Amino acid sequence: MHKFSVFIIILFFTFKGFAQEEPKEGKQINIVHGANFTKDESRFPGATIFSKDTRQIQFEHQGADLWCDVAILYRAENRLRALGNVRLKQGDSVQMTSGVVNYYGDIKLAKAEENVVLTNVNTTVKTDTLYFDRENQEAYYKDFGTVIDSTNTLTSEIGKYFITTKKAQFLDSVHIKNPELVIDSERLDYYTTSKNAYLYGPSTITGEAYKMYCERGFYDTKIESGYGIKNTRIDYNDRIIEGDSLFFDKATEFASATNNIVITDTINKGIIRAHYAEVYKAKDSIFATKRAISISEVQNDSIYVHGDTLMITGKADERILRAFRNAKFYKTDLSGKCDSIHFDEKTGVTQLITEPILWNGQNQMTGDSIHLISNLETEKLDSLKVLNNAFVVALDTISKTGYNQAKGRDMFGQFVDNELKIIDLVKNTEVIYYMYNDEQELIGINKTICSAIRLLLANSDIQDITFFTNPDGDIYPEVDLPEEQRKLKGFIWRGSERLRSVDDLFDADDNAIELVKIRGINSPIDIEAEEEERDQNEGDPINKIPPSNNKAIKTKTPKKVVK
């Protein structure tokens, strides 16, 4: 028989065999260019082996083409093993290269090995073993991989890339890096179009001048802006900010926090607690409200300052603290309240402004304005000024009915080891003082006027009184001084208002505050709708503040004061 006729017969039976073994219609792997082929039943039973000639072998399967140097096709199983310079192309945007591909036609799954590189538009996935699920348009690896786009390089132990939505999910040792920042996380979702990362596990974001930690949150890596809603902390401009919900934006140098906030000044060792706060790096300032309180250490004691609103401005060692509306402060042996408090760290002066009142032990002090001055070297309280209408009142500790009183135009006090020891009253001074003998029997009531008075104190109690310049007065027996004459003009006792603990800093309105319910990213669910909204609002600066608008859970991270 002629050799050509024999060859035709072999081809006929070979392709007849292929036809008998074909899988269901439409799912078969098609040969575009088979080049050289043979069989080796001992090594590859049921398979046809193809090898390239002048060009690579080519196969086609439902919208994808595959090229390789050698191919082993299992027709009955609709399975292909491609070897050598393998390239798989799907449409105009997806291409994958590798050393080996095992392709399963019935489920449209390609398992690629050896220097795998998958590209989709501007995104590249690199790994040693990659599973490309064409049915669901997903690619995933289980043993370390790298994803690169126009902004970031991401690595992780486990990763999945969604072709259609251009989204990546990463697990275990996730690392994102670009010239501006680094993100380390245990679990996150990342969108290669928007460059947004959704954080679902312990995560640290490190930028040029800040560091943020959270266990649930969002971050836009392109503009360096985002928020955390679980165990969140930001180290920013010599301050540590902690709270239930934190927002950060690098461009505006702004951070805000909501609920259970603690802001620590790492330079001055001061602390701010509140339920809403804002930090402005460029202005070196903090704004805090909602049970806002400032805590600072002074010689093994703490001073607590509260107001409806707190503001701290200025560089380290030059801080200015302002407490507005219903301002109060508390220290173990000193407390006070007024409309507002102004403390200047550079001068060491604390001003109590508008209807101030000060308590030192049992002594109540009032005047038009009160200044506390600290020693800048020792940081201890040094002196006290009460300007205009100075008035000192203390309940008589023995009788518990009368009041020791002293008044003048101005008052000046001296502290020793943070304890008030000397009080000087000047100009038109008057005194009413209950005098006792060693047996604590009342001798009489001293009522005197003069030009100046000095009070010496011990343990906040008046121990001695000295009168200067023509004192005019007498010691009256108790029965000879009527009740109405035992109080100086302007006397008001406000002992019920005295602050005896830190809790007294807060009134009923402070204690009635209802915390904002923090809602947001609750579980790793798809949020493509939110990503589409972000893309649409890309040009709107207001919408650059990222809300979480999941189908199940919604949130708005506050950027302004919650009224």
Side-chain angles (χ1 to χ4, degrees), residues 330-337 356-367 370 381 383-386 389-501 504:
Y330 173 81
K331 185 175 173 290
T332 303
D333 54 358
L334 195 67
S335 62
K337 59 189 294 187
I357 181 169
L358 189 69
W359 290 276
N360 173 242
Q362 301 297 323
N363 301 305
Q364 170 189 295
M365 290 169 269
T366 55
I370 298 177
L381 282 172
S383 56
L384 161 73
K385 293 181 181 179
V386 180
N389 299 310
F391 208 125
V392 183
V393 182
L395 179 67
D396 177 29
T397 56
I398 298 176
S399 70
K400 302 294 184 183
T401 56
Y403 296 91
N404 295 315
Q405 305 154 58
K407 62 178 289 189
R409 192 187 72 176
D410 300 322
M411 182 174 72
F412 304 95
Q414 292 291 324
F415 290 88
V416 178
D417 292 330
N418 284 317
E419 183 180 350
L420 187 59
K421 291 289 190 180
I422 302 171
I423 293 176
D424 288 311
L425 287 128
V426 298
K427 303 289 180 65
N428 304 320
T429 60
E430 299 179 58
V431 165
I432 291 178
Y433 183 67
Y434 288 70
M435 302 181 66
Y436 293 87
N437 60 23
D438 292 342
E439 284 72 37
Q440 293 193 342
E441 296 171 336
L442 183 63
I443 298 172
I445 303 172
N446 187 334
K447 188 172 183 180
T448 303
I449 61 173
C450 61
S451 297
I453 300 170
R454 169 165 287 188
L455 307 177
L456 300 182
L457 293 82
N459 298 320
S460 301
D461 289 332
I462 298 173
Q463 298 295 308
D464 189 37
I465 302 176
T466 302
F467 302 96
F468 298 93
T469 314
N470 302 321
D472 182 11
D474 206 346
I475 299 174
Y476 298 88
E478 185 176 15
V479 295
D480 292 343
L481 191 64
E483 286 288 338
E484 64 272 14
Q485 295 184 25
R486 298 181 188 181
K487 294 178 181 176
L488 298 176
K489 185 178 178 180
F491 170 88
I492 298 176
W493 177 244
R494 298 168 62 181
S496 62
E497 300 177 41
R498 179 184 167 193
L499 284 68
R500 301 176 184 274
S501 71
D504 291 338

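Computed from a predicted model, the values in this text were never measured in an experiment. Quick note: residue numbers are just sequence positions, from 1.
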Chemist: To the nearest 0.5 Å, tell me how far Ile462 CD1 sits from Leu455 CG.
Modeler: 5.0 Å
Chemist: What I'd like to find out is whether the side chain of Asn360 reaches to under 4.5 Å of the side chain of Leu384, using heavy atoms alone.
Modeler: no
Chemist: Does Asn437, at its CG atom, have more than 12 non-hydrogen atoms belonging to other residues, nucleotides or ligands within less than 6.0 Å?
Modeler: yes
Chemist: To the nearest 0.5 Å, how far apart are CD1 in Ile449 and CD1 in Ile432?
Modeler: 11.5 Å
Chemist: Considering only distance and modelled atom types, tabulate donor-acceptor pairs under 3.5 Å from the side chains of residues 472-482, sequence neighbours left out.
Modeler:
none

Chemist: For the atom pair CE (Met435) and CD1 (Ile398), what is the distance rounded to the nearest 0.5 Å?
Modeler: 11.5 Å
Chemist: Does the side chain of Phe391 come within less than 4.5 Å of Ile492's, by heavy atoms?
Modeler: no
Chemist: Hey, is CD on Gln440 packed in by over 12 heavy atoms from elsewhere, all under 6.0 Å?
Modeler: no
Chemist: Could you tell me if the side chain of Thr429 sits less than 4.5 Å from the side chain of Cys450, heavy atoms only?
Modeler: yes
Chemist: Flag yes if more than 12 heavy atoms outside Lys385 fall under 6.0 Å of its NZ atom; otherwise flag no.
Modeler: no
Chemist: Can you tell if the side chain of Arg498 reaches within under 4.5 Å of the side chain of Gln364, non-hydrogen atoms only?
Modeler: no
Chemist: Using atom types as modelled, flag every donor-acceptor pair under 3.5 Å from a side chain in residues 406-415 to any protein atom, sequence neighbours excluded.
Modeler:
{"unit_1": "Lys407", "atom_1": "NZ", "unit_2": "Lys489", "atom_2": "O", "d": "2.9"}
{"unit_1": "Asp410", "atom_1": "OD1", "unit_2": "Asn388", "atom_2": "N", "d": "2.8"}

Chemist: For Arg454 and Leu456: C-alpha separation, side-chain torsions, deciding distance, then whether side chain to side chain contact (heavy atoms under 4.5 Å, CB included) applies.
Modeler: CA-CA 7 Å; Arg454 169 165 287 188; Leu456 300 182; 4.1 Å; yes
Chemist: Within a 6.0 Å radius of atom CG on Asn470, are there more than 12 heavy atoms belonging to other residues, nucleotides or ligands?
Modeler: no
Chemist: I need the Ile445 CD1 to Asn404 CG distance, nearest 0.5 Å.
Modeler: 9.5 Å
Chemist: Considering non-hydrogen atoms only, spot the tightest contact between Thr466 and Asp464 and give its length.
Modeler: OG1-OD2, 3.9 Å
Chemist: Please name the pair of heavy atoms, one in Gly402 and one in Leu395, separated by the smallest distance, quoted to 0.1 Å.
Modeler: O-CD1, 3.4 Å
Chemist: Within the structure provided, determine whether Phe467 and Asn446 are in side-chain contact (heavy-atom separation under 4.5 Å).
Modeler: yes
Chemist: Evaluate side chain to side chain contact (heavy atoms under 4.5 Å, CB included) for Lys447 paired with Arg486, printing each intermediate quantity in order.
Modeler: CA-CA 8 Å; Lys447 188 172 183 180; Arg486 298 181 188 181; over 6 Å; no
Chemist: Closest approach of Ser335 and Leu499, non-hydrogen atoms and distance?
Modeler: OG-O, 3.4 Å
Chemist: Atom CG of Leu442 and atom CG of Asp396: how far apart are they, to the nearest 0.5 Å?
Modeler: 7.5 Å
Chemist: State, to 0.1 Å, how close Gln463 and Ala458 come at their nearest heavy-atom pair, and which atoms those are.
Modeler: CG-CB, 3.5 Å
Chemist: Under 4.5 Å between any side-chain heavy atoms of Asp504 and Tyr330, yes or no?
Modeler: no
Chemist: Step by step, work out the side chain to side chain contact (heavy atoms under 4.5 Å, CB included) result for Leu334 and Leu358.
Modeler: CA-CA 7 Å; Leu334 195 67; Leu358 189 69; 4.2 Å; yes
Chemist: Supply the atom-to-atom distance Gln405 CD to Leu488 CG, rounded to the nearest 0.5 angstrom.
Modeler: 4.5 Å
Chemist: Would you indicate whether the side-chain heavy atoms of Ile465 and Thr448 approach each other to under 4.5 Å?
Modeler: no
Chemist: Return the minimal non-hydrogen interatomic distance between Thr366 and Ile370, and the atom names on each side.
Modeler: CA-CD1, 4.5 Å
Chemist: Do the non-hydrogen side-chain atoms of Ile357 and Trp359 ever get within less than 4.5 Å of each other?
Modeler: yes
